[in-house]
Protein chains: 2
Amino acid sequence: MSNKIKITEEQLKLIEKLGVVFEKLGLTPAAARIEGLLLVADNTELTFDEIRETLNISKSATSNAINMMLSMDRIEYITKPGDRKRYFRTHIANWKDSVKEKFAETGMLHEIMKEVLQQRTASTKEFNKSLSEFISLFEYLRKEIPLLFKKWEATRK
Amino acid sequence: MSNKIKITEEQLKLIEKLGVVFEKLGLTPAAARIEGLLLVADNTELTFDEIRETLNISKSATSNAINMMLSMDRIEYITKPGDRKRYFRTHIANWKDSVKEKFAETGMLHEIMKEVLQQRTASTKEFNKSLSEFISLFEYLRKEIPLLFKKWEATRK
DNA sequence: TTCTTGGTTCTGCAATAACAGAACTAAAGA
DNA sequence: TCTTTAGTTCTGTTATTGCAGAACCAAGAA
């Protein structure tokens with residue numbers, strides 16, 4: 001008996017499209033498609049075999065992709081009483097945090113650029129000025145973006 | 001005669017550090033190190049062979065990395081009268097734009113998520129609500145972040 | 001005309017990534 | 001006890017990436 005779930009042509013196309021986007025954001029092809037499936041499928045909680053058979057990927061690819069995404073907190077799973085299977089779903093609640101993290105990533109650049117400026121010879125005045133301007137842009141964004149998140153959260157309540 | 005430029009131990013270490021960061025941001029190892037060199041070297045305008053010999057990379061790697069970064073507008077070059085060589089330097093002025101672009105990248109996610117929400121079954125109410133909340137966060141950020149850039153620019157004048 | 005300079009392009013290799021398929025395993029039924 | 005379920009882990013293959021080294025090339029210089 002097949003565990004394939006019903007999926008329309010349109011949904012499949014959208015999954016492919018999402019796959020491309022998620023690949024660009026760093027997921028493997030298989031993981032990207034799983035994310036896509038969990039986003040567009042009518043049933044948002046799917047088992048290992050439903051995912052595997054619907055997307056036609058191997059057990060190993062499914063297992064590795066799922067565990068990778070669990071460890072990244074991109075997906076999560078629930079269980080049901082008297083059922084050994086896990087039901088996987090995207091962890092949308094965490095998406096906001098992962099966007100925050102993405103922004104924080106640029107903070108890494110900010111730190112090292114400060115180090116560069118400190119170590120640079122003082123003789124290249126124009127260059128150093130441009131660099132310090134760039135750094136202060138980051139400083140500004142770093143201060144303001146968290147405020148933006150807070151402001152948005154405030155509008156939700 | 002060697003074209004190697006003088007570089008301190010400290011500068012070399014910083015170049016490696018920058019290399020790691022730039023690799024994470026999508027550059028190849030060679031390109032990442034060239035960016036690093038152009039950022040920390042006392043002389044900010046270096047020739048093909050100065051780059052190549054200082055970093056000990058092959059001609060082909062140097063050529064490919066430079067052309068890739070030229071096409072990405074991450075570096076630029078100047079020439080000097082009666083000198084066939086090109087002098088490469090990082091295009092710091094463009095960095096601001098590339099940060100803007102980075103933020104715009106997330107706009108891609110925003111568009112496709114709207115498409116997902118439209119195609120979704122209406123029956124998964126909780127899920128759809130979370131999704132639409134996520135989308136509106138993006139809408140908010142997309143509106144507010146350009147304003148942030150403008151506000152920062154205003155403080156510079 | 002040949003040589004030198006400042007690169008570019010081609011060929012081949014080594015490392016890594018992503019996956020399939022098959023063997024394996026731990027827990028729960030039967 | 002044996003079997004099924006729900007995966008995990010191992011082995012091997014294929015595709016891709018990043019690079020070195022060498023051949024190549026176009027524009028002056030000699």
Side-chain angles (χ1 to χ4, degrees), chain A residues 1-5 15-16 19-20 22-38 45-72 74-89, chain B residues 1-5 15-16 19-20 22-38 45-72 74-89:
Chain A
M1 168 228 170
S2 160
N3 288 306
K4 245 178 220 171
I5 65 169
I15 291 172
E16 281 312 309
V20 174
F22 288 135
E23 276 185 53
K24 271 194 208 145
L25 297 176
L27 291 187
T28 66
R33 241 131 259 160
I34 294 176
E35 268 276 29
L37 177 63
L38 294 175
E45 293 165 0
L46 301 179
T47 67
F48 189 98
D49 279 323
E50 283 170 343
I51 292 169
R52 183 183 121 43
E53 293 183 26
T54 307
L55 295 177
N56 285 307
I57 51 187
S58 69
K59 277 185 145 196
S60 59
T62 308
S63 175
N64 289 328
I66 282 178
N67 286 324
M68 178 194 158
M69 293 186 344
L70 281 173
S71 77
M72 295 167 89
R74 293 188 64 117
I75 62 173
E76 60 182 348
Y77 64 86
I78 55 158
T79 50
K80 298 180 180 183
D83 186 347
R84 211 135 68 76
K85 290 192 277 300
R86 291 177 295 174
Y87 293 80
F88 299 96
R89 62 184 181 198
Chain B
M1 170 227 170
S2 159
N3 288 305
K4 245 178 221 169
I5 65 169
I15 290 172
E16 282 313 308
V20 173
F22 289 135
E23 277 186 53
K24 272 195 210 146
L25 297 176
L27 291 186
T28 65
R33 241 134 258 157
I34 293 175
E35 268 276 28
L37 177 62
L38 293 175
E45 293 164 0
L46 301 179
T47 67
F48 189 98
D49 279 324
E50 282 170 343
I51 292 168
R52 183 182 121 42
E53 294 183 26
T54 308
L55 296 177
N56 286 308
I57 51 187
S58 71
K59 276 184 147 200
S60 60
T62 309
S63 177
N64 289 328
I66 282 178
N67 287 322
M68 177 195 159
M69 293 185 353
L70 280 173
S71 78
M72 297 168 87
R74 293 187 65 117
I75 62 174
E76 60 182 349
Y77 64 86
I78 55 160
T79 50
K80 298 180 181 182
D83 186 348
R84 212 136 67 76
K85 291 192 277 300
R86 291 178 293 174
Y87 292 80
F88 300 95
R89 62 183 181 200

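Per chain, numbering begins at 1; letters A, B, ... match sequence-line order.
Taking atom CZ on A:R84 and atom P on D:dT4, their separation rounds to 13 Å, with Å as the unit. As a whole-Å value, the separation of A:N3 CG from D:dT4 P is 16 Å. For A:K59 and D:dT11, the NZ to P distance is 18 Å, given to the nearest whole Å. Following rounding to the nearest Å, B:R86 (CZ) and D:dA27 (P) show an atom-to-atom distance of 14 Å. The separation between A:E50 atom CD and D:dG7 atom P is 11 Å, rounded to whole Å. Whole-Å rounding puts the A:I51 CD1 to D:dG7 P distance at 9 Å. Rounded to whole angstrom, the span from the CZ atom of B:R52 across to the P atom of D:dC19 amounts to 14 Å.
Residue-level contact check: B:S60 touches the bases, meaning some heavy atom is under 4.0 Å from a base atom. Residue contacts for A:I66: at a heavy-atom cut-off of 4.0 Å it reaches no nucleic acid atom on any strand shown.
Taking every heavy atom of both residues into account, A:G19 and A:A32 meet most closely at O-CB, 3.4 Å. Heavy atoms only, all atoms of each residue included: B:E45 and B:I78 are closest at OE1-CD1, 3.3 Å.
Looking at heavy atoms from C-beta onward, B:E50 lies out of side-chain contact with B:L37 at the 4.5 angstrom threshold.
None of B:K80, B:R86, B:K85 except one satisfies the salt bridge (charged side-chain N to carboxylate O under 4.0 Å, His left out) rule with B:D83; the exception is B:K85.
Taking 4.0 angstrom as the limit, A:S63 places none of its side-chain polar atoms (N or O) nearer than this to OP1 or OP2 of D:dG7. Within the structure, a side-chain polar atom (N or O) of A:N67 is placed less than 4.0 Å from OP1 or OP2 of D:dT8.
Along DNA chain C, the stretch of nucleotides lying under 4.0 Å from any heavy atom of chain B spans, 5' to 3', C:dT5 to C:dC10.
DNA chain C is contacted by both A:G82 and B:T62; B:T62 maps to the nucleotide lying nearer its 5′ end (nearest heavy atom per residue). Comparing A:D83 and A:N64, the nucleotide of DNA chain D nearest to each residue sits closer to the 5' end for A:D83.
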task: Could you go through the salt bridge (Lys or Arg N to Asp or Glu O under 4.0 Å) check for B:E53 and B:K4 one step at a time?
output: CA-CA 5 Å; B:E53 294 183 26; B:K4 245 178 221 169; over 6 Å; no

- request: Would you check, one step at a time, whether the test side chain to side chain contact (heavy atoms under 4.5 Å, CB included) holds for A:I51 with A:I66?
  value: CA-CA 10 Å; A:I51 292 169; A:I66 282 178; 4.2 Å; yes

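More than 12 heavy-atom neighbours from other residues, nucleotides or ligands sit within 6.0 angstrom of OH on A:Y87.
Closest approach to the A:K85 side chain among D:dT9, D:dA6, D:dA20 is made by D:dA6 (side chain taken as heavy atoms from C-beta onward).
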